[in-house]
Amino acid sequence: AIGAVYPPGSTFKLVTASALLMEKVTDKYQTIFDNGFIQVGSFIFRNWNLGGHGEVDLTRALQVSNDTYFYIMGGGYGGVGGLGIERLHKWAKLFGYGLKTGIDLLGEVEGYMPDGTAREWYLGDDYISSIGQGDILSTPLQVNNMTTYFANGGYLFKPRIVKNIDGVGDTEVEVIAQNLLDKETYDTVRY
């Protein structure tokens, strides 16, 4: 949970959706038509549902975990400018990706959240990063912490295992971040 890293996958779409709204790349009403894939040159980026989901807005994209919507909004396509890796990186860091949570256990690793500068970066990298794949690596605890933000009213807490030992060393609840999102964005992504 703290010492191994994996691509967060579709759970990361909560971060991407938050960034899209906060950076005003889109709103919750703008739709795309998903026929199951987008094609850029000879490269095809497929939705998990090969037949597509048809007309999809942000809420529907989250409900059905639509890859095509997040490719388009995350990287840009067909008139949509896209979020881009720099802004996605900024928001992922705010949610704790690429950072240690500070849990009171030895061996925690920070994972990796790319910013597009460590190697040659391509548009396709923006696409797959927007759905939590590619170079992004996170611990299960980081994913849990981010999803907890949406479950608990908007707080990122420093996780704790030990409250005290025989009454010694009481720890206080420590808030890492709160109010990362405005109320409308929080409510849209949460529901």
Side-chain angles (χ1 to χ4, degrees), residues 7-40 43-98 113-116 122-136 138 142-156 177-191:
S10 290
T11 60
F12 193 77
K13 290 173 182 171
L14 298 172
V15 174
T16 305
S18 298
L20 289 170
L21 293 172
M22 292 298 290
E23 295 288 336
K24 305 206 181 318
V25 172
T26 190
D27 59 38
K28 66 182 179 180
Y29 303 108
Q30 183 178 359
T31 63
I32 60 104
F33 186 83
D34 170 33
N35 63 356
F37 68 94
I38 60 171
Q39 184 168 355
V40 178
F43 296 95
I44 296 175
F45 300 89
R46 297 190 187 282
N47 184 23
W48 67 265
N49 178 352
L50 299 179
H53 288 106
E55 206 70 29
V56 179
D57 63 11
L58 181 83
T59 301
R60 183 72 177 146
L62 287 170
Q63 288 170 341
V64 298
S65 192
N66 184 274
D67 295 333
T68 308
Y69 178 91
F70 287 99
Y71 295 150
I72 291 171
M73 295 300 173
Y77 185 83
V80 174
L83 182 65
I85 194 61
E86 296 87 6
R87 292 189 288 179
L88 185 59
H89 174 266
K90 175 183 101 174
W91 284 95
K93 286 287 196 173
L94 290 172
F95 279 102
Y97 286 90
M113 182 59 213
D115 62 6
Y122 300 97
L123 177 59
D125 294 313
D126 281 357
Y127 291 155
I128 61 174
S129 295
S130 296
I131 64 166
Q133 299 291 336
D135 292 359
I136 303 172
S138 62
Q142 288 169 332
V143 173
N144 182 69
N145 232 19
M146 178 275 298
T147 55
T148 299
Y149 177 87
F150 291 99
N152 70 19
Y155 297 90
L156 283 179
Q178 63 185 16
N179 302 319
L180 296 174
L181 309 175
D182 61 44
K183 181 175 179 1
E184 183 178 359
T185 298
Y186 180 84
D187 289 345
T188 299
V189 174
R190 181 177 181 183
Y191 301 111

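- Here Leu50 contributes atom CG and Phe37 contributes atom CZ; the two are 10.5 Å apart, rounded to the nearest 0.5 Å.
- Put simply, the side chain of Lys13 does not reach to within 4.5 Å of the side chain of Asn66, judged on heavy atoms.
- Counting non-hydrogen atoms of neighbouring residues, nucleotides and ligands closer than 6.0 angstrom, the CD atom of Glu184 reaches no more than 12 such neighbours.
- Distance OG1/Thr59 to NZ/Lys28: 6.5 Å, rounded to 0.5 Å.
- Side-chain contact between Met22 and Leu180: absent, with no pair of heavy atoms (C-beta onward) separated by less than 4.5 Å.
- Between the Lys93 side chain and the Gly98 main chain, a donor and an acceptor come within less than 3.5 Å of each other.
- In this structure, Phe45 has its ring center no closer than 6.0 Å to that of Phe70.
- Aromatic pair Tyr149/Tyr186: ring centres closer than 6.0 Å.
- In this structure the side chain of Phe12 never reaches within 4.5 angstrom of the side chain of Ser138, judged on heavy atoms.
- The backbone N or O of His89 sits nowhere less than 3.5 Å from a side-chain atom of Asp115 that would complete a donor-acceptor pair.
- For Thr147 (side chain) and Asn144 (main-chain N/O), a donor-acceptor pair under 3.5 Å exists by modelled atom type.
- We find the OG1-OH distance between Thr16 and Tyr71 to be 12.0 Å, quoted to the nearest 0.5 Å.
- Remark: side-chain polar atoms of Asp126 are not paired, donor with acceptor, to backbone N or O of Ile128 under 3.5 angstrom.
- Sparse packing is recorded around OH of Tyr155, with 12 or fewer heavy atoms of other residues, nucleotides or ligands lying under 6.0 Å away.
- Residues Met73 and Leu58 fail the side-chain proximity criterion, which asks for heavy atoms closer than 4.5 Å.
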Margin query: Please evaluate residues Val80 and Thr26 with respect to the criterion side-chain contact (heavy atoms from CB on, under 4.5 Å), reporting the C-alpha separation (whole Å), side-chain torsions for both, the decisive distance (0.1 Å), and the verdict.
Written below: CA-CA 9 Å; Val80 174; Thr26 190; over 6 Å; no
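- With rounding to the nearest 0.5 angstrom, the CD1 atom of Ile32 is 7.5 Å from the CD atom of Glu55.
- Side-chain contact between Phe150 and Leu181 is present, with at least one heavy-atom pair separated by less than 4.5 Å.
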Notebook entry, point to check: What's the verdict on side-chain contact (heavy atoms from CB on, under 4.5 Å) for Val64 and Asn49, showing C-alpha distance, side-chain angles and the deciding distance?
Noted result: CA-CA 9 Å; Val64 298; Asn49 178 352; over 6 Å; no
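- Side-chain contact between Trp48 and Ser10: absent, with no pair of heavy atoms (C-beta onward) separated by less than 4.5 Å.
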Next item on the list: Decide side-chain contact (heavy atoms from CB on, under 4.5 Å) for Gln30 and Asp27; before the verdict, give the C-alpha distance in whole Å, the side-chain angles of both, and the deciding distance to 0.1 Å.
Entry: CA-CA 6 Å; Gln30 183 178 359; Asp27 59 38; 3.8 Å; yes
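- Here the side chain of Asn47 pairs a donor or acceptor atom with the backbone of Asp67 at under 3.5 angstrom.
- Taking 4.5 Å as the limit, some side-chain heavy atom of Ile85 sits within range of a side-chain heavy atom of Met113.
- Remark: Gln63 CD to Asp57 CG distance equals 8.0 Å, nearest 0.5 Å.
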Next item on the list: In sequence, state the C-alpha distance, the side-chain angles, and the governing distance for Leu20 and Tyr69, and then conclude on side-chain contact (heavy atoms from CB on, under 4.5 Å).
Entry: CA-CA 11 Å; Leu20 289 170; Tyr69 178 91; 4.3 Å; yes
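- Scanning all heavy atoms of the two residues, the minimum distance from Ser18 to Val189 falls at OG-CG2, 3.8 Å.
- Residues Tyr127 and Phe43 place their aromatic rings such that the two centres sit no closer than 6.0 Å.
- Looking at Ser129 and Leu88, their side chains come closer than 4.5 Å, going by heavy atoms from C-beta outward.
- Note that OG1 of Thr185 and CZ of Arg190 are 14.5 Å apart. Values are rounded to the nearest 0.5 Å.
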